[in-house]
A.B. asks: 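Dumping the structure here so I can ask a few things about it.
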2 protein chains.
Amino acid sequence: MNPRADPADDFLLQEPWLPVCIDGCQLLAKSWFSDAEYCVLLTDMQGVWEERMDTAAIERRAQELNRRLRAAVQAFFSHLREAAEPWLSGGGGGEAQMCVWRRDGVVTLKLKSELAGLPFHWEFRCSPAPVALVCSQLVRPLLAMSRLLHRQLEEQGELLARKDQEIQDYRENGATLSRERLQTDVFNKQLYTEDFIQKNLPLLRSDPSDAPGFNADLQRLYAAVAAPHKRRRPQETHGDPDRTEPPEPPAQTTVIGPGGGDPENQNPSGQVGPDGAAQAAAVGATRPAERQSSRPKKKKVGLFR
Amino acid sequence: MNPRADPADDFLLQEPWLPVCIDGCQLLAKSWFSDAEYCVLLTDMQGVWEERMDTAAIERRAQELNRRLRAAVQAFFSHLREAAEPWLSGGGGGEAQMCVWRRDGVVTLKLKSELAGLPFHWEFRCSPAPVALVCSQLVRPLLAMSRLLHRQLEEQGELLARKDQEIQDYRENGATLSRERLQTDVFNKQLYTEDFIQKNLPLLRSDPSDAPGFNADLQRLYAAVAAPHKRRRPQETHGDPDRTEPPEPPAQTTVIGPGGGDPENQNPSGQVGPDGAAQAAAVGATRPAERQSSRPKKKKVGLFR
């Protein structure tokens, strides 16, 4: 993997997993484009794939797929980005066409568009992602989300109990409702939760809406809990995770720091807390703004000879 | 991988991820023991490892690690199980000792106990798990949990709003509280949620309790959403995930069925609904009972010569 892609990890961690439908394939995608680099992550929840491309690699592939292209990478990268991002953001492709090929475990997104009056081809060749990446981009954030949502449920349950106490006090003092239909039942957390699971689990399974999985609220929550850490341990660079594990002493390789209670907090130093506020602030992170800032402004003409 | 291990997948999917602390290492573990086979899954939320052993492999390793052992596998497997399960269930090891070694990406749990008056050694040699396993055992269940918890939050929010309407009606009809402290504020979902995230995200990060991650409620919810499907598609057997992907047509390889809206519903046929009820019933699944049923009852004497 390309070590220069590390900065992309921090951006990617704040990106939501966007549902995209390409060529009939339902996927979740994350993408990050800088001036002349990009990183794309894809998952169908059965597998996870990624491609990280630096400027030189992009230039080589552009030549491979567009024989007559003679422009510097910056000259066509903005076109590539503008043609691909709508697809990778779930918005469909506009004039550009995209299809999906899967072979030998590689998921390739083939893009065809027009640049300076000539066809422009691109392929995002996404290879199976290492488990370390799956853990950092999906497992730890999703577990943190579940823990936060569960904690919020507990708190709302207590709030419901307090409102029941208030209602009971009104009733005991002889208060009556002007409209009977406004009367609510006393909230019983355990019965309510069991009943909810029984009713909603089948619905969730058969619900074809917001496929596959993250609605807007969950995307915001994901962005909040997944906001990157200051430092990154070797396992979180996306090379061979095996290679990055120090052999001895064994304990130190898996000991989890004081914040071990929170899986998505298992950063290199086990440091916790201080960055929490910053990460909470990420609730309002504005993806479009980030992207604008690094969007190249070059003209896209005269690129072919 | 061992295709005979497939039955283990269904059991494992209903097992909770139990926090275990071995030799100072904080891990989450799942294990399944049959009469003379076992499967162990481990994760530190940075990586995921597994070992699946059938009877023949267990017999070979027993000979390798215990030169003087001459007993049939069934004769010492029950001892192995009884010595290992307390460790793998997070209960500590009793008389047996266990330590963790990590080398070349393999996490080895070394067990030392006493059998028929002689030392008995075992090693659980867990290799990096394929992404398909990480998706089926962690990613899809965790996303389903987040979606269910979020849906429950929405419903409880509506319930709070209805109680506020009831309270408002009492007040408008002149009702007063006998104790001022019983009065609650009107529930504002958006403000409440933003405030909750701001306050609780840092706490979650710095909370060293219930390490690492699943409390009892989340474990029950995990068991409910992760209950196995009737059939399994090739990607979900734990061989090389690449090998299992049909090359063409590309669309069919990633198209998600009518239940695509729910990632952990992406089963072979995309079939949905009917099994939902059965899976909801898994809320009350009793792990101990399952284990009892397959626990061998052989005596553990005269195994060495």
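The analysis underlying the following values was restricted to heavy atoms, covering all of them including side chains, and did not include hydrogens, waters or symmetry mates.
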A.B. asks: Of the listed residues (A:N173, A:T184, A:D164, A:L148), which shares the most heavy-atom pairs with chain B below a 4.5 Å separation?
C.D. replies: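 That would be A:T184.
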
A.B. asks: Side chain from CB out, backbone as N, CA, C, O: work out which of these in A:N200 comes under 4.5 Å of a heavy atom of chain B, or both, or neither.
C.D. replies: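 Both parts, backbone and side chain.
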
A.B. asks: With B:R181, which residues qualify under side chain to side chain contact (heavy atoms under 4.5 Å, CB included), at least two apart?
C.D. replies: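 Result, side chain to side chain contact (heavy atoms under 4.5 Å, CB included) vs B:R181: B:R179.
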
A.B. asks: Between chain B and each of A:T193, A:D185, A:V134, A:T176, count heavy-atom pairs under 4.5 Å; write down the option with the most.
C.D. replies: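 Sorted descending by pairs with chain B, the first entry is A:T176.
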
A.B. asks: Side-chain contact, heavy-atom cut-off 4.5 Å: A:E154 with B:D217?
C.D. replies: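 Of all side-chain heavy-atom pairs linking B:D217 with A:E154, at least one is under 4.5 Å.
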
A.B. asks: In the structure I gave you, are the side-chain heavy atoms of A:M145 and B:M145 within less than 4.5 Å of one another anywhere?
C.D. replies: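 The answer is no, as the side chains (C-beta and beyond) never meet within the 4.5 Å cut-off.
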
A.B. asks: Classify the side-chain pair B:Y192/A:Q156 by whether it contains a donor and acceptor separated by less than 3.5 Å.
C.D. replies: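 No pair is found: no donor N or O on one side chain lies under 3.5 Å from an acceptor on the other.
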
A.B. asks: Given the options A:A175, A:S146, A:C21, A:G174, which has more heavy-atom pairs under 4.5 Å with chain B than any of the others?
C.D. replies: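 Most heavy-atom pairs within the cutoff with chain B belong to A:S146.
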
A.B. asks: Quick check: closest heavy atoms across A:A224 and B:I197, and the distance to 0.1 Å?
C.D. replies: CB-CG2, 4.3 Å

A.B. asks: Measuring from atom OH of B:Y222 to atom CG of A:L143, what distance do you get when rounded to the nearest 0.5 angstrom?
C.D. replies: 11.0 Å

A.B. asks: On a heavy-atom basis, which atom in B:Q46 and which in A:R140 lie closest, and how many Å separate them?
C.D. replies: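 Shortest heavy-atom contact: OE1-NH1, 3.3 Å.
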
A.B. asks: Do the side chains of A:L203 and B:R151 get nearer than 4.5 Å, heavy atoms only?
C.D. replies: yes

A.B. asks: For the atom pair CD (B:E194) and CZ (A:R220), what is the distance rounded to the nearest 0.5 Å?
C.D. replies: 8.5 Å

A.B. asks: Among B:L149, B:L182, B:L153, B:L138, which residue has the highest count of heavy-atom pairs closer than 4.5 Å to chain A?
C.D. replies: B:L153

A.B. asks: Considering residues at least two apart in sequence or located in another chain, which fulfil the side chain to side chain contact (heavy atoms under 4.5 Å, CB included) criterion with A:Q183?
C.D. replies: A:R171, A:L177, A:E180, B:E166

A.B. asks: Between B:E172 and chain A, which part of the residue has a heavy atom less than 4.5 Å away: side chain, backbone, both or neither?
C.D. replies: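 The answer is neither part of B:E172.
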
A.B. asks: A side-chain contact here means heavy atoms from C-beta on lying under 4.5 Å apart; do A:L142 and B:V139 qualify?
C.D. replies: yes

A.B. asks: Measure across A:G47 and B:C135 and return the closest heavy-atom pair with its distance rounded to 0.1 Å.
C.D. replies: N-SG, 4.0 Å

A.B. asks: Against chain B, work out which of A:V48, A:L159, A:T108 has the most heavy-atom pairs shorter than 4.5 Å and name it.
C.D. replies: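 The residue among A:V48, A:L159, A:T108 with the greatest pair count is A:L159.
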
A.B. asks: Heavy-atom cut-off 4.5 Å, strictly under: side chain, backbone, both or neither for B:K110 against chain A?
C.D. replies: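 Neither part.
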
A.B. asks: Starting at CZ of B:F187, measure out to CG of A:L160 and round the result to the nearest 0.5 Å.
C.D. replies: 8.5 Å

